[in-house]
Protein chains: 2
Amino acid sequence: MTIDDAPRDLLRGGPRDLLRLVASGAAVSRADLARLSGLSPSTVSQRVEALISQGLLEETGAGKSRGGRRPRQLAVPTGGAVIGAIDLGAHHARIGALDLAGQVVSVRSRPVRIDDGPEVVLGELLAEVTALAAAEPGPDSAAGSGPGPESPPAGGALRGIGIGIPGPVQHPTGRIVSPSRMPGWNGFDVSAFCRDHTDVPVVVDNDANLMALGTHRAVHSELDHAVYIKAGTGIGAGVISGGQLHRGSQGSAGDISHCRVVATDPAPLCSCGNTGCLEAVASGAALVRALGEQGVPVDDLAGVMRLIDDGDRHATALARQAGRSIGEILAVVVNFFNPQVVAIGGRLAECEPLLASMRATLYERCLPLATETLLIERVTVGPDVGVMGAAQLVIDQVVNM
Amino acid sequence: MTIDDAPRDLLRGGPRDLLRLVASGAAVSRADLARLSGLSPSTVSQRVEALISQGLLEETGAGKSRGGRRPRQLAVPTGGAVIGAIDLGAHHARIGALDLAGQVVSVRSRPVRIDDGPEVVLGELLAEVTALAAAEPGPDSAAGSGPGPESPPAGGALRGIGIGIPGPVQHPTGRIVSPSRMPGWNGFDVSAFCRDHTDVPVVVDNDANLMALGTHRAVHSELDHAVYIKAGTGIGAGVISGGQLHRGSQGSAGDISHCRVVATDPAPLCSCGNTGCLEAVASGAALVRALGEQGVPVDDLAGVMRLIDDGDRHATALARQAGRSIGEILAVVVNFFNPQVVAIGGRLAECEPLLASMRATLYERCLPLATETLLIERVTVGPDVGVMGAAQLVIDQVVNM
DNA sequence: CAAACTTTGTTCGACTATCGCAGAAAGTGA
DNA sequence: TCACTTTCTGCGATAGTCGAACAAAGTTTG
């Protein structure tokens, strides 16, 4: 006789899980929920009622009959913006208003100057996200006349704001610690600042973590262990362990940007002061600089991408080298963590040569057992992953249990 | 207003946790358990009764009064061997019989020849561990006359056997996959073999995982995220995430032995066929071989350690290089995983120069945020960590819930 | 030494979450 | 029209937990 692992209940059936089942479209009726969650119909009914009274769920008429009584369709209140999200990047910020299902209601990008400092940047973005959400008010309070004893919040109320920062965020304090490309932000307490400038709950996290959460919930929700690389101007990673975001001891988990890789000689100097950092070799910023030093002037990452698409030798070689470098670090990560999937996102993920050499390096340097069933993918959720991840973070905090 | 993480209940109060509190000595009475677990006294009383009737706990007279009624002392039945453990190494196996508290009752080492193949080696070890446990029979069934409806197992019954293997073990199948230094073991299904050769439950895992579990339970039980390096003849790691052993998708998590490191030129050939693997540079086997190639003949790892203690230049230089190599890989791991502690065990952990250069490399190459509060330690549990970890594995499986 | 207080542990009623089942509601199909 | 299916709710039963009262067994104090 051998002991098997007790099969862990994939869906424990907490209110959050029910909500997720509806939001994801997996369940449309109470009966669906009962089947999928394993809970009894009566329990589901009761839970659903509670969620409806909290305004987190609503009934939307009757569905199609499957040979019996027609189901009373359930849906997450949609069309209204009740969650704000800010995905701050090196040069641009993406600002979104999302509904309780985590779907984007409206979104816009705007350039930001990180150098203006946290007060200015965050102050403006907070104002903008508030305005954006207010422009698409949430669903009216569905309850009849007068607020009942358990009446949902007033229609259009913003329930929370999620913010992603392109640098190390100490969790859960929300303080920024030694960011390499955010001068003037070191030690800034984002959470405290937001507390003073808005009266809705705010969650702050690293931008790569948001991408990880957004992608995992959208396409990998059934996987337990996943690693997401965000390769844009900088390089970061988000980690899912046991189905949940792994932040580590200080919240800095996934920050592989300053891992050293074997590099050209002399090793390029990184903005952190060290040499040979992954970020100094394989990030978008590094590619721009390296091309400039090789006498190929480019303005920005978009320019680099164009060069690669045009088949420029120098740019392509650099992209390949970047892919190898990322793969080198990722190989250690895969051996160590043994995830089910590694997905790469960010603008550099669009670069085919980079992806190819990353893949090759990974297969070459990983344990067979670790790559046997490993999925290596591109993050395909689109430019709104960040704000979607931010919304998930807010939803998780807002839904009691 | 900012959202804080809901403080996760460190002690949920399942039967397993109660047992652990007693076994660790943190609690001696029902009142202690109630205080520490947060459960109500009545619930604790009921749970304890159940555990006693299962033979997992027993009352051992009255304790000292603290100004009131004297507590009825609780203890895990001790003195009897009810768990068998095998910690298989490259040249030796450590065989132990342990009690329900995870304490070693009796233990012995014996040389093994891995090359004899799994059937012979495991067959002999299984027989030996069974005999060892039988020599120290467990406590008699405490129940009165005749087996009650919930009578504990017969006295002296072996409740399970835990086995650690120095190679990749696919979990939970218990199959060995591509071990680099275990010829003839590839693909061998240890679990199945044990099922056929004994009638008690068997758990199989990687030896580094056992060291990790043993150390974490013994000295770091309050930490959530930890990494344990086992550096002996080979090199492996065990990972604790969220207080639990992280095995990853295939059970190969922590297997960093074949990560490539910057090495001497030409890079040493590894037993896996690749070059420059961590194991080929920094393992005990690698040190022995490298010294031999430098004209310093040594027989085994013990000889290397003696040379280092004697201040031999070559040996010390190699140890430093090994420490740097381990630190190099570990730096990636620390940045990525952000653990609260990194501890190194195995025979090479006794080597001061190795440890020192590993430490230095780690501090040099990690994100400040990641090393700010990081503990870098030696595993101090002793040579029985492995069997102790194996016992913990068995206990976790045996205690229902 | 007796009364008062402490600490430990149990008993019992209350409360909550869940389940199973009966059954109502609403529809399909022969 | 009648049997059957599917969906959902209402209700009693059950399990797990808690709080309060209480019993047990000490210590401390007057």
Side-chain angles (χ1 to χ4, degrees), chain A residues 6 9-19 21-22 25-54 56-75 142 149-150 399-401, chain B residues 8-19 21-22 25-54 56-75 142 149-150 399-401:
Chain A
D9 249 21
L10 284 184
L11 297 163
R12 301 173 8 271
R16 211 137 61 192
D17 296 311
L18 294 190
L19 207 54
L21 284 170
V22 175
V28 214
S29 66
R30 291 165 174 81
D32 284 348
L33 284 174
R35 274 187 296 267
L36 291 168
S37 69
L39 294 170
S40 74
S42 33
T43 307
V44 168
S45 235
Q46 174 204 311
R47 285 262 177 87
V48 165
E49 198 165 4
L51 287 170
I52 288 177
S53 84
Q54 285 176 65
L56 299 174
L57 218 51
E58 65 183 12
E59 269 181 60
T60 60
K64 243 188 191 150
S65 165
R66 294 195 310 169
R69 171 174 172 175
R70 278 155 50 185
R72 297 164 63 177
Q73 284 186 301
L74 298 173
E150 273 293 337
V399 182
N400 54 346
M401 272 311 296
Chain B
R8 112 180 148 89
D9 248 20
L10 284 185
L11 296 164
R12 298 175 9 271
R16 208 135 66 191
D17 296 312
L18 294 190
L19 206 54
L21 284 170
V22 175
V28 251
S29 66
R30 292 164 173 80
D32 283 349
L33 284 174
R35 274 186 296 266
L36 291 169
S37 70
L39 294 171
S40 74
S42 34
T43 306
V44 168
S45 234
Q46 174 203 311
R47 287 261 178 87
V48 165
E49 198 166 3
L51 287 169
I52 289 177
S53 85
Q54 285 176 65
L56 298 174
L57 220 51
E58 65 183 12
E59 268 180 63
T60 60
K64 242 189 193 152
S65 164
R66 295 194 310 166
R69 171 174 172 175
R70 278 155 51 186
R72 297 164 64 177
Q73 284 186 301
L74 298 172
E150 273 293 338
V399 181
N400 55 346
M401 273 311 298

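Numbers restart at 1 for each chain; the letters A, B, ... are given by sequence-line order, proteins then strands.
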Do B/S37 and B/L18 make a side-chain contact, defined as non-hydrogen atoms from C-beta onward lying under 4.5 Å apart?
yes

Just the rounded figure in Å: distance from P of D/dT6 to CG of A/L33.
18 Å

Using side-chain heavy atoms (C-beta onward) and a distance below 4.5 Å, is B/L19 in contact with B/L57?
yes

Looking at B/G63, is its backbone amide N or carbonyl O close enough to the side chain of B/R70 to form a donor-acceptor pair, meaning the two atoms are under 3.5 Å apart?
yes

Please report, rounded to the nearest Å, how far the P atom of D/dT6 is from the CD atom of A/Q73.
18 Å

Pair A/R30 + A/E59, salt bridge at N-O below 4.0 Å:
yes

Contact letters for nucleotides 11-27 of chain C, in which S counts primed atoms plus P, OP1 and OP2 and B counts the base, heavy atoms under 4.0 Å
B------BBB---BBBB

What is the distance, rounded to the nearest whole Å, between atom CZ of B/R66 and atom C1' of C/dC5?
15 Å

Whole Å only: how far is the CZ atom of B/R30 from the P atom of D/dA24?
16 Å

Applying salt bridge (Lys or Arg N to Asp or Glu O under 4.0 Å), which residue pairs with at least one partner in residues 32-41 of chain A are found, sequence neighbours left out?
A/D32-A/R35

Short side-chain N/O contact from B/R35 to OP1 or OP2 of C/dT8, under 4.0 Å:
yes

Hey, does A/L51 have a side-chain heavy atom less than 4.5 Å from the side chain of A/L74?
no

Report the distance from atom CG of A/D32 to atom C1' of D/dC8, rounded to the nearest whole Å.
13 Å

Output the rounded distance in Å from CD (A/E59) to P (D/dT7).
14 Å

